[in-house]
Amino acid sequence: MLLKYSVPHRFMADITFGSSCILVLLCYQVLTVDVPREGHYVAAVYEHHVILNPNPTAITDRQSALELMNRNLDIYEEQVMAAAKQGAQIIIFPEDGIHGFNFTRTSIYPYLDFLPYPLSVNWNPCKEGYLFNDTEVLHRLSCMALKNQVFLVANMGTKQDCTHSDPHCPPDGRYQFNTDVVFSDSGALIARYRKQNLYFEYAFNTPPEIDYTIFDTPFAGQFGLFTCFDILFYEPAVNLIMQHNVKQVAYPTAWMNQLPLLSAIEFQRAFATAFNINLLAANIHHPDLGMTGSGIYTLSKSFAYYNMKSFSGKLIVAEIPVVLEHKTHMNNTVINNIQTSFPSFHTDTQVCYKDNEKACDAISKHVSKEASPFFYGEMMYDNFTLRAITEPKGDIHICSNTLCCYLSYQRLVLSDELYVLGAFDDLHTVHGTYYVQACVLVKCGGLNYTTCGQEVTQATGLIDFQLQGNFSTAFVFPLLLRSGVTLDSADYLGWKNNYYVMQKKGGSSGLVTAGLYGRWYEKD
Ligand SMILES: *[C@@H]1O[C@H](CO)[C@@H](O)[C@H](O)[C@H]1NC(C)=O
Ligand SMILES: *[C@@H]1O[C@H](CO)[C@@H](O)[C@H](O)[C@H]1NC(C)=O
Ligand SMILES: *[C@@H]1O[C@H](CO)[C@@H](O)[C@H](O)[C@H]1NC(C)=O
Ligand SMILES: *[C@@H]1O[C@H](CO)[C@@H](O)[C@H](O)[C@H]1NC(C)=O
Ligand SMILES: *[C@@H]1O[C@H](CO)[C@@H](O)[C@H](O)[C@H]1NC(C)=O
Ligand SMILES: *[C@@H]1O[C@H](CO)[C@@H](O)[C@H](O)[C@H]1NC(C)=O
């Protein structure tokens with residue numbers, strides 16, 4: 001009853017405030033915000049420090065659930081306004097940013113909005129909030145988009161009744177989905193995406209059929225949409241890009257960093273680079289849970305954020321180019337063309353021997369001068385085959401199953417640090433099952449070989465290198481991470497015959513990870 005009346009009230013308030021706000025903003029924009037350059041648009045992502053339910057498995061009621069979610073939505077509202085003031089035309093919020101996580105199927109129920117589907121083209125929850133019950137979250141998000149005239153992408157929990165004539169219908173007679181929703185700048189609900197690859201989220205169902213969600217914008221054309229763990233799988237992410245020709249992706253995530261290969265910004269950047277797309281990635285900010293790392297990634301430039309010290313959220317706003325052409329490193333036609341332009345790689349002995357003779361000796365003291373034997377080491381629960389870098393320069397290789405990885409290297413700054421070349425070609429089975437082929441050059445946790453594969457965030461070693469592998473999959477994601485978990489880009493990436501190659505000379509800080517992370521989707 002209370003609900004029935006409160007919705008129109010909110011609606012009135014929003015419209016009144018909305019129109020005055022829009023007027024203010026327009027004036028403000030004219031005075032202080034440049035209109036984006038031709039072929040560009042302004043995108044925003046918000047890394048949100050989600051206010052969590054301290055006891056997510058306890059059963060609560062809708063009113064209490066809304067109280068908690070409204071506290072998060074209050075922050076969203078401030079950020080949408082801040083982004084709009086900077087000229088943002090689209091803003092992305094992270095996965096689980098409104099309701100939090102660690103619920104059970106029952107305890108999340110009061111947090112779920114009803115999401116009508118199929119989407120009636122014209123439903124505008126802000127203007128027509130009275131049409132459906134249990135749509136308070138949709139209503140608030142819609143009003144934020146309308147008031148600030150921005151496209152808005154957010155993640156929330158939704159419910160949908162089903163009957164037992166539907167063979168997929170859960171026994172309790174309803175679906176519960178981890179859902180991304182998209183509102184246009186007039187507040188209309190224009191798209192939804194239900195997460196396909198759930199990450200041990202027992203509160204939610206996998207949708208009975210895969211959502212390939214694409215939405216259209218007047219400023220940048222089409223965007224694809226998927227969520228968090230989806231980024232590691234073929235469906236729907238790769239299919240959207242390869243078959244549906246998506247060139248820009250909005251990506252809500254709640255990603256726990258895992259070094260050395262799966263830190264949030266590291267993989268976000270690798271994904272955008274591999275497919276040559278714009279990726280707008282918004283992560284949860286919870287350093288105590290290992291969650292930070294968001295960014296706006298374009299073909300030429302990245303605006304990434306990683307901060308383990310701050311305990312508040314972060315808004316990233318950037319003017320970026322609309323992607324028109326779409327050449328991925330994964331297209332075989334492109335692969336063949338690249339071969340001719342492949343540069344040769346020479347390690348230059350000068351730096352080490354002439355300038356740094358003492359340092360060269362220093363590093364050699366710790367490890368044998370002999371070509372080191374291979375050994376096994378666990379990296380992110382996978383049994384990698386490893387070989388240590390023992391010389392100031394050299395060529396080494398290491399194989400695992402059918403994958404062989406080759407490294408030509410030259411250490412520039414000779415630090416007291418141990419680096420290894422590693423290969424892995426097998427099914428990953430812990431916290432998800434997926435087939436990985438990886439060639440990596442990583443810094444170990446210490447000087448003992450048993451420390452290789454550990455999580456390391458700081459390094460001083462500078463290494464010129466060419467890393468390559470004869471992958472069986474075309475889907476190779478290039479990783480390049482430096483000290484302090486900062487991103488770098490390779491000098492060269494691409495295929496040479498049957499080898500995927502990464503080259504890099506120099507660098508601004510120590511090397512933490514250089515990697516070619518291949519996903520062999522057919523073998524999952
Ligand atoms: C959620 O669950 C994970 C794994 O079970 C745990 O590590 C984490 O601390 C929990 N987070 C909260 C906020 O309860
Ligand atoms: C909303 O819920 C109320 C109370 O349960 C019910 O009377 C009403 O018919 C519902 N409205 C809609 C649109 O479903
Ligand atoms: C690869 O690129 C060529 C030329 O740009 C194009 O015709 C072809 O459709 C692309 N193939 C895939 C699978 O994207
Ligand atoms: C890693 O793989 C090798 C070769 O198959 C095996 O001998 C070794 O026991 C494995 N190590 C672990 C920790 O599973
Ligand atoms: C990769 O190279 C190794 C060594 O030459 C070879 O044994 C293996 O079959 C190759 N793998 C593929 C997929 O060609
Ligand atoms: C390396 O670590 C292992 C296990 O912690 C230990 O047994 C071994 O003695 C260490 N080796 C050296 C050279 O310190």
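Numbering of ligands and ligand atoms starts at 1, following listing order.
Annotation: side chain of Asp134 is not in contact with side chain of Leu112 (no heavy-atom distance under 4.5 Å). Put simply, the side chain of Ser142 reaches to within 4.5 Å of the side chain of Asn124, judged on heavy atoms. Counting heavy atoms from C-beta outward, Tyr109 and Ile59 have side chains that stay 4.5 Å or more apart.
At least one donor-acceptor pair under 3.5 Å links the side chain of Thr213 to the backbone N or O of Arg192.
With ligand atoms numbered from 1 in the order given, ligand 5 contributes 1 (C), 8 (C), 10 (C), 11 (N), 12 (C), 13 (C) to contacts under 4.0 Å with heavy atoms of Thr402. Atoms of ligand 5 found under 4.0 Å from any heavy atom of Ser472 (numbered from 1 in listed order, with element): 13 (C).
Pocket lining of ligand 4, defined as residues with a non-hydrogen atom under 4.0 Å away: Tyr376, Asn383.
Considering backbone and side-chain N/O of Tyr406, none are found under 3.5 Å from N/O of ligand 5.
Partner of Thr179 under the side chain to side chain contact (heavy atoms under 4.5 Å, CB included) criterion, out of Gln160, Lys195, Arg194: Arg194 alone.
The existence of a salt bridge linking Asp74 and Arg140 is confirmed by a sub-4.0 Å separation between a basic side-chain nitrogen and an acidic carboxylate oxygen.
Two rings, from Phe271 and Phe477, have their centers less than 6.0 Å apart.
A distance below 2.5 Å between sulfur gamma atoms is met by Cys439 and Cys405.
Heavy-atom separations between Leu131 and ligand 2 include at least one value shorter than 4.0 Å.
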